[in-house]
Each structure stands twice: as C-alpha cells, then as structure tokens.
Asker: 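I have a structure I would like to understand better, so I am pasting it below and will then ask my questions one at a time.
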Protein chains: 2
Amino acid sequence: MQVTPELLSRFTLLKPLPREALEHLAPHAALARYGRRAVVLEAGAREDRICFLFEGRLQGVGFTIDGREVGLYFVEPGDFCGELALFDDNPQPEFVIATTAASVVFVARNPLREVMLQNSSVSNVVGRKLAERVRQMTVQRTLLGLSNVPQRVCGQLYLLINEARRKDDSGEIVNPPTHKEIAIMLNLSRETVTRVFQALQSRRIIRRDGPGRLIVADLASLRHFAEGEEEL
Amino acid sequence: MQVTPELLSRFTLLKPLPREALEHLAPHAALARYGRRAVVLEAGAREDRICFLFEGRLQGVGFTIDGREVGLYFVEPGDFCGELALFDDNPQPEFVIATTAASVVFVARNPLREVMLQNSSVSNVVGRKLAERVRQMTVQRTLLGLSNVPQRVCGQLYLLINEARRKDDSGEIVNPPTHKEIAIMLNLSRETVTRVFQALQSRRIIRRDGPGRLIVADLASLRHFAEGEEEL
DNA sequence: CATCTATTGTGACTCCGGTCACGTCAAATT
DNA sequence: AATTTGACGTGACCGGAGTCACAATAGATG
C-alpha cells in the first residue's frame with residue numbers, strides 16, 4: 001500500500017526530517033497489518049527494513065535454549081524497532097511479535113540508511129534513539145534485580161505508563177499486555193503476575209475498563225509499591 | 001599523562017581511523033589507572049569522555065531501589081564503555097567499576113564526536129559498536145530466562161570465554177570476575193555461583209591457575225551444560 | 001446462538017535458591 | 001611476623017515462586 005510523506009512525518013523519529021527526505025523515503029515504505037501473535041520481525045533473519053508502529057502494541061521476544069520465552073521490550077505507537085539493521089548487516093537478534101492487532105509502516109533499510117548518512121542531523125536522531133534503547137534495556141534489566149516480586153510487577157506497570165503518557169495521578173494503558181507477556185518481561189510465571197494484579201485490583205489501584213484498557217487509578221500508590229516503600 | 005596516536009590505534013574501535021584523526025584525538029586523551037573496586041564512570045553524571053580499557057577488567061553495574069547490585073556487562077581489554085555520551089547529552093545510566101586493577105585511556109567526548117561526524121566511516125564503526133552492545137545485552141538478558149541455574153552459570157562462563165579469545169577445546173579467562181561479580185550478572189547469590197563452580201571443578205571442567213587465571217579445561221562439556229544437554 | 005480457544009483466576013504442593021552463620025584461605029597492609 | 005581484609009567454601013533452614021490442575025470467564029469464530 002502507498003505511504004505518504006505525511007504519514008511518515010507522524011513518527012517521532014522521522015518528524016524532524018526535511019520534506020525532501022520524506023519524499024525520498026515514501027516510495028520505499030509500505031503499510032502492513034498484523035493480527036494478534038503475528039511475527040513482525042524474525043530473529044536470525046537479515047531484515048532489510050525498519051518497522052514503525054502506527055497502532056497496536058509490539059513486543060521484542062527472545063527464546064532461551066530450553067524454549068522459554070523472554071520478553072525484551074514493548075513498542076508503543078509512534079516508536080519503531082528493527083533499527084539495528086541501519087548500523088550493520090548482522091541479523092536481527094530477537095523476534096518482534098504483535099501483542100495486539102497492529103498496523104505498521106515498513107521503511108526499506110537502504111534508503112533510510114542513505115538519508116541517515118547524508119543528513120548528519122538525521123544520523124544524530126537515529127543514534128540518539130539507539131542510545132535511548134540501551135538506557136531502556138538497562139532500566140529493564142535493573143528491574144529484574146528486585147528480589148521482591150510484587151515490587152517488580154509494579155515497576156513494570158509504572159514503566160508501561162511512562163512509555164505511554166502519564167497524567168496527574170492516574171494513567172491508562174491502552175492495549176495492555178497480557179499477564180503472560182508481562183511475566184516473560186520480568187522472569188516470572190503467568191500465575192504470579194495474575195496474583196499481583198489481583199492484589200492491586202482489590203486495593204483499587206488498578207482496574208480493567210473493557211477489553212483493551214487498563215486503568216491505573218492510584219498512580220501514587222503504585223509508585224510506592226514500585227519503590228518498595230510499602231509491601232504488597 | 002600524554003597519549004600517542006599509536007596507543008590509540010591499538011583499540012579496535014579507533015584502529016580503522018586515518019592517521020590525522022588519531023593525531024587530532026591524541027592531545028585530548030589521557031591515561032589513568034584505577035585500583036580494584038574503583039569507580040571509573042559514575043551513573044547519573046554527564047560524563048564528557050569515553051573510556052577505552054587498556055588492561056584489566058571493568059564491569060557495568062546498576063543498583064536497584066533496594067540497594068542490590070545488578071551486573072550489566074563486562075568490558076574486556078581493547079573494548080570501551082561510556083559511548084552513549086557520543087550520541088546524546090543524557091547522563092550515563094550505569095556505573096562502571098574496575099573489577100581488577102585497570103589502566104584506561106579517556107578520550108574527550110567532543111573531539112571524538114567531531115571525528116565521528118566528519119568521517120562517515122567512523123560513525124559507521126561507532127554505530128556498529130553500539131548495535132553490537134544491544135545484541136550483547138539481548139544475549140545477556142536471554143541468559144536470565146534459563147530456569148536451570150547451573151546452566152545459567154555455564155552460559156555466562158561460555159560468554160566470558162568468547163569475549164576473550166577461544167581456542168580449540170579449552171580456554172582461559174584472565175582476571176576472572178569474582179563469584180559475586182558473576183552472581184550479580186545472573187541474578188544469583190554469591191553462594192550459588194560458588195557451588196556451581198565447585199561442581200565444575202570436581203568434574204575437571206574448570207580449574208584455577210594462580211590468582212588471576214581461570215582455565216576452562218573442557219570447553220565441550222561446558223557448552224553441553226550451557227546448552228542444557230546434560231544436567232549438573 | 002453455539003462452539004471453541006485464549007486469557008484470567010485460584011488452590012495445593014514442592015523444591016530450590018536465598019539467607020544466615022560459620023570456617024578457611026590467600027593476599028595485602030602494618 | 002602479625003593483622004586485616006576480602007574472596008571462597010559449606011552446611012542448615014526456610015520462604016516463596018514455580019508448577020500442576022482445574023474452574024471460570026471472555027472473545028473470537030463459525
């Protein structure tokens with residue numbers, strides 16, 4: 001499907017690009033839709049395109065030798081993934097899977113790489129974004145160091161809100177990940193996540209609102225638990 | 001202390017640089033020595049220099065809210081750290097600590113950034129290196145997904161050998177990390193790591209050789225355990 | 001509407017790694 | 001040489017998360 005420069009400019013990464021660069025990229029971009037659980041990027045493959053998420057939610061997923069799933073990161077609308085292909089020709093290290101129905105824009109690697117190299121301000125943006133991902137991974141890894149498991153879950157929830165947008169004292173997460181998807185991010189079993197969610201719901205800290213919305217009613221309390229100032 | 005272009009060119013990152021670039025950088029470089037446990041880079045600080053490790057071993061370390069140490073990565077001689085400062089002005093996300101006495105070369109951020117931007121082949125190299133770090137973190141995170149703990153330790157040992165150099169069927173690790181330093185990489189207690197090491201030693205798979213050398217006598221067996229084909 | 005499938009909810013049991021409390025040992029420091 | 005320090009070694013105990021099994025939903029799908 002045809003992609004317009006306007007569509008491309010709606011992504012924060014591409015927004016600062018000059019008009020001409022966007023027009024150069026548009027012919028090499030394509031829109032795609034995926035159903036829940038579909039594989040968007042394949043691990044081990046030499047992907048020749050970068051994936052920009054328009055709507056839905058993606059998750060980077062790895063697999064241990066014994067077949068256990070490992071959650072690496074979530075991709076929120078407006079963000080992108082598979083950007084390692086811009087830097088070298090090594091294969092994509094992890095799978096990227098749609099956790100909900102999702103629509104994405106693929107941009108071919110080489111044209112984007114050209115734009116990046118020609119325009120130094122652009123390579124700055126891409127580099128910054130990659131650096132940001134490293135920071136994100138560092139935070140996520142640090143979460144795993146928490147020995148108190150409910151604390152870990154609260155911390156993850158808190159991160160999820162920040163990745164979306166956070167209002168004053170409450171937040172909502174659209175297309176929230178399933179318990180299992182959260183569990184693999186935190187090296188926990190699905191049941192444990194369920195139990196923590198139950199505890200949070202009974203304390204009116206979180207609440208489900210229909211199918212695709214999770215509402216954090218009491219963000220302050222959530223942060224308390226995430227920071228270990230109070231035990232669940 | 002004064003640093004020569006020759007010294008700089010001994011680092012794999014800087015090796016491909018043209019002579020003139022190295023001469024441009026040399027005046028902005030300084031050699032430094034650190035004792036064991038010294039802090040080389042400070043978390044939260046806006047470090048204005050990149051750290052190249054000449055000899056010794058460094059470890060990236062984070063801290064959880066409850067004060068627990070989290071091991072993020074090891075830095076081997078020839079490698080570097082603190083490179084995020086090349087991409088943006090955000091603070092260094094984690095501490096970097098010398099796990100052994102170490103000598104490092106600091107290169108000021110701005111001159112290196114200039115060299116990187118002027119010479120597109122250089123920014124390629126730096127970008128590749130950052131991408132490689134993301135892959136490394138992904139592998140490390142995947143290790144944590146293993147439910148079998150001895151397997152996790154063997155996998156880490158195997159990574160440590162690869163980061164150094166690996167010979168046919170045995171390898172050695174100079175300046176091996178302490179049990180505690182390995183433990184925080186794997187979300188384990190120091191005692192657990194000790195017990196696994198004991199098991200590996202009694203099976204003649206690993207062996208200590210003096211203070212600063214750990215010898216992997218049977219690399220094939222180590223890999224077996226790392227891949228879960230045999231249980232410890 | 002009926003059926004099927006995936007997600008969520010919940011209890012019981014087990015086990016294994018953390019914690020604690022030591023002891024040992026080697027290396028650095030005085 | 002004596003002392004101190006930090007790393008390594010090891011046992012006993014215990015708690016808590018994984019696992020298993022199953023029920024109850026809720027969404028998809030025909």
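Just the heavy atoms: all of them, side chains too, but no hydrogens, waters or symmetry mates, feed the values below. Residue numbers begin at 1 in each chain, while the letters A, B, ... track the order of the sequences.
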Asker: Just N and O in the side chain of R208(A): are any of them under 4.0 Å from OP1 or OP2 of dT25(D)?
Answerer: no
Asker: Please state whether the phosphate of dA17(D), meaning OP1 or OP2, lies under 4.0 angstrom from any side-chain nitrogen or oxygen of R152(A).
Answerer: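 R152(A) to dA17(D) OP1/OP2: no side-chain N or O under 4.0 Å.
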Asker: Any N or O donor-acceptor pair under 3.5 Å from the base of dC20(C) to the side chain of E191(B)?
Answerer: yes
Asker: Within residues 177-186 of chain A, find the residues that approach DNA chain C with a heavy atom at under 4.0 Å, and present them sorted by residue number.
Answerer: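 Result for residues 177-186 of chain A: T178(A), H179(A), sorted by number.
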Asker: Mind checking if T192(B) touches a base, just sugar-phosphate, or nothing, with heavy atoms under 4.0 Å?
Answerer: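 Contact class for T192(B): sugar-phosphate only.
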Asker: Specify whether F52(A) and F11(A) have parallel, tilted or perpendicular ring planes, treating 30° as the upper limit for parallel and 60° as the lower limit for perpendicular.
Answerer: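 Plane angle between 30° and 60°, so tilted.
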Asker: For a 4.5 angstrom cut-off between non-hydrogen side-chain atoms, does D79(B) reach T12(B)?
Answerer: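 In short, these two side chains do not touch, never coming nearer than 4.5 Å.
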Asker: When all nucleic acid strands are considered with a 4.0 Å heavy-atom cut-off, which category describes N187(B): base, sugar-phosphate, or nothing?
Answerer: sugar-phosphate
Asker: Taking the minimum atom-to-atom distance to the side chain of R190(A), which one of dA17(D), dG17(C), dG9(C) wins?
Answerer: dG9(C)
Asker: Would you please confirm or rule out a distance under 4.0 Å between OP1 or OP2 of dT10(D) and any side-chain N or O of Q198(B)?
Answerer: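 True: Q198(B) side-chain N/O within range (under 4.0 Å) of dT10(D) OP1/OP2.
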Asker: Does dT7(C) have its OP1 or OP2 closer than 4.0 Å to a side-chain nitrogen or oxygen of T194(A)?
Answerer: no
Asker: Answer with yes or no whether the side chains of S221(B) and R203(B) bring together a donor and an acceptor at under 3.5 Å.
Answerer: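 Looking only at side-chain atoms, S221(B) and R203(B) do not form any donor-acceptor pair under 3.5 Å.
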Asker: Let me know which of V193(B), I182(B), T192(B), L188(B) forms a side-chain contact (heavy atoms from CB on, under 4.5 Å) with R152(B).
Answerer: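 Considering V193(B), I182(B), T192(B), L188(B), a side-chain contact (heavy atoms from CB on, under 4.5 Å) with R152(B) is found only for L188(B).
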Asker: Taking atom types as they are modelled, would you say the side chain of R195(A) forms a donor-acceptor pair with the base of dG11(C) within the 3.5 Å cutoff?
Answerer: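 Yes, a donor-acceptor pair under 3.5 Å.
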